[in-house]
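See below for the structure under consideration.
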Amino acid sequence: MLEEECEMARINDDVDLFLKTSCILRVSEGHLQKEVAEMFGVPLRSLEWWIEQYRNSGIRALVKGP
């Protein structure tokens with residue numbers, strides 16, 4: 001499911017959602033959060049927040065809204 005959302009974000013040129021889902025996917029593949037944060041150039045705390053939000057509320061929590 002998350003892989004599909006990541007691909008749709010890429011296709012739709014939703015850079016923010018693509019970044020978030022890509023990071024979460026790497027963590028789910030077994031990479032350390034610190035490594036993923038460095039790999040993508042994002043603050044570790046942001047990555048931790050995205051993961052928490054995704055776990056609690058799913059993909060909707062990652063989508064920027066009005």
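Not measured: the values here are computed from a predicted model.
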Side-chain donor-acceptor distances from residues 6-14 under 3.5 Å, at least two apart:
| unit_1 | atom_1 | unit_2 | atom_2 | d |
| --- | --- | --- | --- | --- |
| E7 | OE1 | R10 | NE | 3.2 |
| E7 | OE2 | R10 | NE | 3.3 |
| E7 | OE2 | R10 | NH2 | 2.4 |
| N12 | ND2 | M8 | O | 3.1 |
| D14 | OD1 | L17 | N | 3.1 |

Donor-acceptor pairs under 3.5 Å, side chain of residues 34-46 to any protein atom, not counting sequence neighbours: which ones?
| unit_1 | atom_1 | unit_2 | atom_2 | d |
| --- | --- | --- | --- | --- |
| E35 | OE1 | L32 | N | 3.4 |

Name each donor-acceptor pair under 3.5 Å that joins a side chain in residues 51-58 to protein atoms two or more places apart or in another chain, with its distance.
| unit_1 | atom_1 | unit_2 | atom_2 | d |
| --- | --- | --- | --- | --- |
| N56 | ND2 | E52 | O | 3.2 |

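Residues L19 and L2 fall within the same hydrophobic cluster, defined by Ile, Leu, Val, Met, Phe, Trp and Tyr side chains chained together at heavy-atom separations under 4.5 Å. Under a hydrophobic-cluster definition in which Ile, Leu, Val, Met, Phe, Trp and Tyr are linked whenever side-chain heavy atoms come within less than 4.5 Å, directly or via other members, L25 and I59 are assigned to the same cluster.
More than 12 heavy atoms of other residues, nucleotides or ligands shown are found within 6.0 angstrom of CD on E48. Within 6.0 Å of the CD atom in E29, the count of heavy atoms belonging to other residues, nucleotides or ligands exceeds 12.
Atoms CG and CH2, on L62 and W49 in that order, are 11.0 Å from each other to the nearest 0.5 Å.
Under the side chain to side chain donor-acceptor pair (under 3.5 Å) criterion, the residue pairs touching residues 17-27 are D16-K20, with sequence neighbours excluded.
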